[in-house]
Amino acid sequence: MTGDAPQVIPDGLVTSPRRFIAGGSYVGLKTYAPNKMDVGLLLSELPCRAAGVYTTNKFVSPTVTVTRENVAAGKVRGVFVTSGIANAGVGEQGMKDIKECLQLAADHLGVEPGELGSGTTGVIGVELPMALIRGGMSTISLSDDGGGAFARAIMTTDRVPKSAAVTFTCSGGETVTIGGCTKGSGMIHPNMATMLAFLTTDAAVDAAFLDSALRNCADDTFNMVTVDGDTSTNDMVLLLANGAAGNAEIGEGSPDAEAFAAALHALCSHLSRELVKDAEGSSKIFSVRVTGAASKQDARLAARAIAASSLVKSAIHGNDPNWGRVVCAAGYSGADLDVGKVSFFINDVAIMEAGTPIPFHRESVIAIMSRDEVALTVTLGLGEHEATAWGCELTEEYVVFNSAYTT
């Protein structure tokens with residue numbers, strides 16, 4: 001890797017990269033949270049290369065379908081977003097409405113509808129209130145510091161907006177910035193979950209490399225977090241690159257390819273962790289690091305299974321060092337596993353080594369698990385591959401909140 005190591009800027013925005021502007025407004029879609037914005041626009045002032053990763057839920061929102069088509073056509077340079085209503089499960093009207101939304105947004109921005117993607121999030125089975133959107137589109141003002149408003153416009157049950165940026169130096173001396181924002185608090189178990197992420201960069205990047213870099217990064221970050229095991233109808237991650245940094249185009253095998261991938265990973269890892277920290281009803285998160293796996297896929301399978309286990313989540317909530325739940329989840333994950341080689345640690349305290357339980361001071365481990373963040377490490381002893389997943393505790397508050405989400 002060339003240049004400096006990527007440095008995450010926690011107060012960075014999706015508009016931190018050069019020549020990106022954004023804004024948000026409140027038009028009345030979220031009647032339950034009028035203090036939050038509910039429509040937003042993001043635009044590059046220059047043409048872009050775009051890449052996307054989308055939900056695998058077959059009950060997909062037409063918002064995702066149109067965005068996927070526009071990105072594939074190769075001209076997307078901006079995004080229109082709404083929150084409060086998912087625009088999913090409403091029949092043909094959903095497709096008609098999102099196409100009208102993009103026409104309204106395009107007219108406001110002075111671009112073509114095919115140059116825009118879209119993200120909608122919220123309650124399934126409710127039509128978009130088009131009269132409110134028609135009347136409110138003109139109230140969205142865009143600026144190069146409007147990334148904060150845009151991040152608020154995609155919030156539903158989120159307690160806080162989630163944005164950041166990262167910079168690195170190219171081999172030619174140019175400084176490149178990647179910015180982004182994400183939303184999600186519940187219905188999160190991505191298989192690109194309700195999860196949206198929008199990323200921007202002023203780097204010049206080859207289209208094929210942009211796509212592969214995003215997919216590899218998503219598999220290692222956004223697809224390694226879980227709140228409740230539900231994959232939304234609307235999940236997506238979009239990445240726009242406008243080349244305003246003036247660097248030599250980054251492609252597979254180019255001098256700056258590794259640096260770009262590392263910076264993108266650092267940003268997405270930070271945003272993924274922020275998603276889990278903001279989980280509905282939760283105040284505690286935990287990491288699951290699986291090492292010594294026979295393959296990368298096995299490491300991911302085991303880490304995700306442990307992080308998604310309702311029993312493990314409940315144990316984290318109760319500060320209960322019930323380690324059998326962890327190894328059980330690893331066992332059913334589908335990963336290759338030899339019981340006689342498995343070791344397990346809670347915040348570096350050995351609980352099992354090479355398949356044999358290790359005596360530990362129970363009260364001390366309970367005290368460790370009482371912290372806001374708990375680290376679980378499982379070593380499979382079969383290879384050199386590893387992966388990390390993030391999860392949160394399962395609480396009574398989560399059940400109460402989601403039992404009355406629409407009432």
Side-chain angles (χ1 to χ4, degrees), residues 158-160 162 182 184-190 193 195 219-231 268-293 298-333 335 342-352 357-358 360-380 386-399 401-402:
D158 304 61
R159 292 172 287 193
V160 296
K162 293 169 277 291
T182 188
S185 194
M187 195 182 277
I188 294 180
H189 187 74
M195 194 204 87
D219 280 344
D220 217 26
T221 57
F222 293 117
N223 283 343
M224 293 298 290
V225 301
T226 180
V227 168
D228 49 22
D230 279 291
T231 297
C268 293
S269 180
H270 175 86
L271 292 174
S272 297
R273 189 171 178 274
E274 292 301 299
L275 282 172
V276 179
K277 285 176 63 178
D278 197 28
E280 292 166 354
S282 175
S283 60
K284 184 191 296 187
I285 66 175
F286 65 99
S287 61
V288 181
R289 181 171 177 247
V290 172
T291 67
D298 278 358
R300 288 171 174 165
L301 284 171
R304 277 172 60 98
I306 295 167
S309 165
S310 295
L311 291 177
V312 172
K313 289 174 173 288
S314 299
I316 294 293
H317 176 61
N319 308 319
D320 181 7
N322 190 344
W323 59 268
R325 295 178 175 181
V326 174
V327 296
C328 174
Y332 66 61
S333 68
V342 175
S343 298
F344 174 54
F345 305 82
I346 300 178
N347 280 46
D348 297 325
V349 176
I351 307 298
M352 168 183 279
I358 302 296
F360 61 91
H361 191 273
R362 186 175 179 83
E363 295 305 316
S364 296
V365 176
I366 290 173
I368 289 173
M369 294 183 69
S370 301
R371 301 172 184 172
D372 292 341
E373 190 169 313
V374 179
L376 309 180
T377 303
V378 178
T379 300
L380 301 183
E386 65 176 77
T388 299
W390 290 92
C392 63
E393 60 180 331
L394 181 62
T395 66
E396 297 167 4
E397 289 81 2
Y398 174 85
V399 176
F401 183 91
N402 282 283

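Sequential numbering from 1 along the given sequence is applied to the chain's residues.
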Least distance between heavy atoms, A307 atom then A389 atom: CB-CB, 3.9 Å
Residues which pass side chain to side chain donor-acceptor pair (under 3.5 Å) with S314, listed by chain and number, not counting sequence neighbours: none
Contacts of type side chain to side chain contact (heavy atoms under 4.5 Å, CB included), residue S272, not counting sequence neighbours: T221, F222, V225
Polar side-chain atom of K313 near backbone of C392 as donor-acceptor pair, under 3.5 Å: yes
Spatial distance of atom NZ (K284) from atom OG (S370) [nearest 0.5 Å]: 6.0 Å
Closest approach of P321 to I366 (non-hydrogen atoms, all atoms of both residues): CD-CG1, 3.8 Å
Reported NZ-to-CG distance for the pair K162 and L271, which is rounded to 0.5 angstrom: 9.5 Å
Student check: side-chain heavy atoms of V378 and V342 closer than 4.5 Å: yes
side-chain contact (heavy atoms from CB on, under 4.5 Å) assessment of E274 paired with V160: CA-CA 9 Å; E274 292 301 299; V160 296; 5.7 Å; no
T379: side chain to side chain donor-acceptor pair (under 3.5 Å) partners, not counting sequence neighbours: T291
Counterpart residues, side chain to side chain contact (heavy atoms under 4.5 Å, CB included), relative to N347 (two or more places apart): I368, R371, V374, A375
Identified side chain to side chain contact (heavy atoms under 4.5 Å, CB included) partner of L376 from the options V290, I346, I351: I346
Distance (rounded to the nearest 0.5 Å) between D219 CG and C268 SG: 11.5 Å
Student check: side-chain heavy atoms of R289 and E386 closer than 4.5 Å: yes
Partners meeting side chain to side chain contact (heavy atoms under 4.5 Å, CB included) with A293 (sequence neighbours left out): D298, A299, L380, H385
Residues which pass side chain to side chain contact (heavy atoms under 4.5 Å, CB included) with L311, listed by chain and number, not counting sequence neighbours: S309, R325
Test side-chain contact (heavy atoms from CB on, under 4.5 Å) applied to R300 and D220, step by step: CA-CA 8 Å; R300 288 171 174 165; D220 217 26; 3.6 Å; yes
Gap separating the NE2 atom of H270 from the CG atom of L275, nearest 0.5 angstrom: 10.0 Å
Residue pair S333 / A330: nearest heavy atoms and the distance that separates them: OG-O, 2.8 Å
